[in-house]
Structure formats: structure tokens, C-alpha cells
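Side chains included, hydrogens not; waters and symmetry mates left out as well; all remaining heavy atoms used. Below, chains carry the letters A, B, ... as their sequence lines are ordered, and counting in each starts from 1. Being a predicted model, the structure only gives us computed values, none of them experimental.
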Amino acid sequence: MNYRVEGSSVIMERPEDFDAEKIFECGQCFRWNLQEDGYWTGVALGHVLKLREEGDTVRFLCSDDDFLKVWMPYFDLGRDYTAVRARISIDPFTAKAAEFGKGIRILQQDAWETLCSFIVSQCNNIKRIKGIVERLCVLFGDQIAYHGEVHYLFPPPERLAHLEEKDLESLRAGYRTGYILNAAREIVQGRLSLDILKNVTTDKAIEALTELRGVGIKVANCAVLFGLGKIDAFPVDVWVRRAIERHYDAETFDSTVFGEDAGIAQQYIFYYIRNGQD
DNA sequence: GGGCAGGCATCGA
DNA sequence: TCGATGCCTGCC
């Protein structure tokens, strides 16, 4: 990864597999927004960042220390996605999906934020999910200053655990509110540790998460893939299911054919079926 | 205005 | 064990 510091920016040589629009709009995250000046602004991992693609480089408005410690892991910059695309292109469909989704990277997000966000995502649309998550942060998250602007961090479970559903009415999250509060309490009371789940197998982590009310197979898979760094998880939502039914024998399809890359394969397939031709 | 959206829990067979 | 149904809300 080649980069240089320029004033208060880090200028990164743009990898072949780095497309900000695809990364932020492929459905894995809910707190990144494109501004009119071409900068993407996001809050993640307790930090705010603006970044902009400038030809063959990407400008990160952050210190080189934050770039190294926070954003390199967050953007999964240590992984060779060109090699991943080659490995998962095991048939014409995944080859097309991987080519179409070239530039996507799986963000290594905060576990708690990811769990909550995907609890909110159930039976919901992106616009509304983003609205609910944003209101949750503004209402209960700490303020953080960045380049003269005020942003809001995602509230930790401790901030929510003691609240009642009526306190979260203005989120307009509907029946998902209770699920969020319950998950926060399970964590605060020590019955569930997301940190411990980082060090167990993908199957064990999914099993533990589905113990939570309002967390089924799909949400648990998203939480472990995007929040616990378990890149072999394979969330199947209605779109991916549609793709599998159309291009494979749904009875015998097994995501383990993609091995450790299954989660990335899933994201290419998801992005392709939603934004591509077939 | 009612169908539906990137699920889940519950209930009945 | 599996299929049907209700669930909050908001946007077609």
C-alpha cells in the first residue's frame, strides 16, 4: 500500500480494487454519504473521515497515524481483492458478478454497530435504515468534532441498555426497537460478548447471535461478516436467494465452494443481482 | 390506498 | 419441521 502525507491529508495510490461508490453503496454500511464536493463523509470506529477519489489516488482527510491504525484495517487494505476475484470466479456467473463488482471491499466495521444496523435492516429499505441509524446516533451517541463540523458516534450498548422502548420512539424503528434494547442489555449484563465471538468459529458466532431475539440467520451472518471480520460468512437474503435459484441448483448449492472468500463472493453476487443485468 | 421492503417470532398442523 | 401470518413504518 503506497501512500504519502500531504498537509492534513493522506494520499493513497488507488488500488485496482477500490471504488468508493461501490464500497459504500453495496449495502454493507449505513453511515457514509456523498457530498456535493465529491467527498464521502462517514463515521466509523469512533472516528470521522472524509475521503475523495482523485484520479489514480484517494485522498483521506486524516493523520497518517489514523490512516495506519484505523482506516487501513477498516477498508481491508491488506487484502488482495484482485486475487480474491480470480479465486471466486469459478463459473460464468460469479466471474461476471466479480467483474461487475470490481472495486468493492468488505469494510471491517464495529461489531455492535453492525449488529444493531442489521437488526434494523430487517424488512426495511436502505433509506429508512440510514435514517433510523442516524437518529439513534444523534439522540444517544457522543458528539465528535471534525474539521469544524459536529458528528455523532454510534452509541455503545451501555448507553442504551437502561432505556425503555418509549425513549426510542422517535427513532421510528417500529418493532425492531425492542430487539435493539434487548441486545444492548444482553451485552451489558455480560450474557453476550461480541469480543469473544471474534475468536470463535464463524458457525459458533452465528449460533450465539441467533440466540438474541430478533436476530435470525440472515442478520447474524451479516453481523459476523461485516462486524466480526469473519469473511467466510455467507448471508443469504431474498436477492442472493434469487441469484442462487436462477444460476445454480438451489438444492445442492453450497457457499463453501468459495472457501474463505465466501463473504466477498456473496457481496459481489448481491451487488450484481441488484445493480447489474441479471 | 394497499402492497411491499435486504426478516423474525410465533403458532398451528 | 415447515408454512402461514403479524409486525412498525414509510415509500411507492
Side-chain angles (χ1 to χ4, degrees), chain A residues 21-33 97 100-101 104-107 109 112-139 160 163-187 191-192 205-228 230-231 233-248 250-251 253 255 262-278:
Chain A
E21 184 176 6
K22 290 182 186 174
I23 291 169
F24 297 134
E25 306 218 317
C26 72
Q28 61 178 326
C29 57
F30 304 99
R31 295 208 71 200
W32 286 91
N33 295 294
F100 184 79
I104 289 175
R105 311 182 76 85
I106 301 291
L107 298 173
Q109 305 178 62
W112 164 244
E113 174 174 339
T114 307
L115 175 61
C116 281
S117 299
F118 281 92
I119 285 175
V120 169
S121 79
Q122 63 184 265
C123 209
N124 219 334
N125 57 65
I126 300 267
K127 189 176 176 211
R128 188 169 164 230
I129 298 164
K130 289 179 81 167
I132 292 169
V133 170
E134 193 60 29
R135 288 191 289 279
L136 182 65
C137 295
V138 171
L139 275 173
L160 306 178
L163 299 175
E164 304 292 335
E165 287 198 30
K166 61 175 167 48
D167 299 320
L168 282 75
E169 251 172 17
S170 59
L171 294 183
R172 303 194 298 280
Y175 61 88
R176 305 163 192 84
T177 304
Y179 299 156
I180 293 171
L181 288 179
N182 174 254
R185 291 177 189 136
E186 291 293 306
I187 289 170
R191 289 194 286 272
L192 175 72
I206 290 168
E207 190 186 331
L209 289 177
T210 52
E211 294 288 308
L212 293 169
R213 224 182 320 139
V215 177
I217 295 289
K218 194 290 187 164
V219 169
N221 268 278
C222 287
V224 303
L225 172 58
F226 303 123
L228 294 177
K230 301 200 181 294
I231 217 77
F234 193 87
V236 178
D237 65 357
V238 292
W239 295 93
V240 172
R241 183 173 306 286
R242 237 169 261 169
I244 292 171
E245 285 167 355
R246 197 172 300 168
H247 297 279
Y248 301 95
E251 298 293 314
F253 174 82
S255 64
I264 304 175
Q266 178 274 159
Q267 207 59 22
Y268 288 129
I269 292 170
F270 176 77
Y271 184 75
Y272 184 51
I273 199 80
R274 289 212 61 178
N275 304 293
Q277 310 308 317
D278 55 346

Would you measure the distance from the P atom in dC8(C) across to the matching atom in dG1(B) and give it in whole Å? 23 Å
Do Phe118(A) and Phe30(A) have ring centres separated by under 6.0 Å? yes
Can you tell me the distance, in whole Å, between the CG atom of Asn182(A) and the P atom of dA9(B)? 10 Å
Would you mind classifying the nucleic acid contact of Gly214(A) as base, sugar-phosphate or nothing, using non-hydrogen atoms under 4.0 angstrom? sugar-phosphate
Can you tell me how far P of dG10(C) sits from NZ of Lys130(A), to the nearest Å? 18 Å
Here the distance between atom C1' of dC8(B) and atom OH of Tyr175(A), to the nearest Å, is 7 Å
When the P atoms of dG6(B) and dG3(C) are compared, how many Å lie between them, rounded to an integer? 22 Å
Donor-acceptor pair (no angle test) under 3.5 Å: Arg172(A) side chain, dT9(C) base: no
Across all strands, who's sitting opposite dC8(C) as a Watson-Crick or G-U wobble pair, both distances under 3.5 Å? none
For the pair made of NZ in Lys127(A) and C1' in dC12(C), what is the distance, rounded to whole Å? 11 Å
Taking only the C1' atom of each, what is the distance from dG3(B) to dG6(C) in whole angstrom? 15 Å
More than 12 non-hydrogen atoms from neighbouring residues, nucleotides or ligands closer than 6.0 Å to CZ on Arg242(A), yes or no? yes
Regarding dC8(B), can its base be found pairing with the side chain of Arg176(A) as donor and acceptor, where the two atoms are less than 3.5 Å apart? no
Arg176(A) side chain vs Cys123(A) backbone, donor-acceptor pair below 3.5 Å: yes
Between Asn125(A) and Val215(A), who's closer to the 5' end of DNA chain B by nearest nucleotide? Asn125(A)
Rounded to whole Å, the CD-C1' distance (Gln122(A) to dT5(C)) equals 15 Å
Suppose we define a pair by two distances each less than 3.5 Å, Watson-Crick or G-U wobble; what does dG6(B) pair with here? none
Counting side-chain heavy atoms from C-beta on, which of dC11(C), dA5(B), dG6(B) comes nearest to Phe118(A)? dG6(B)
Rounded to whole angstrom units, what separation is found between the CD atom of Glu165(A) and the P atom of dC7(C)? 15 Å
In whole angstroms, the gap separating C1' of dT1(C) from CD1 of Ile217(A) amounts to 15 Å
Distance check needed: dA9(B) P versus Leu212(A) CG, whole Å only. 9 Å
Checking Gln122(A) side chain against Lys218(A) main chain: does a donor-acceptor pair fall under 3.5 Å? no
Closest nucleotide of DNA chain B for Lys218(A) versus for Asn124(A): which of these residues is on the 5' side? Asn124(A)
Span that lies between the P atom of dC11(C) and that of dC8(B), in whole angstrom: 23 Å
Taking only side-chain N and O atoms of Arg213(A), does any of them lie within less than 4.0 angstrom of OP1 or OP2 on dC8(B)? no
Please state whether the rings of Trp32(A) and Phe24(A) are parallel, tilted or perpendicular, taking 30° and 60° as the class boundaries. parallel
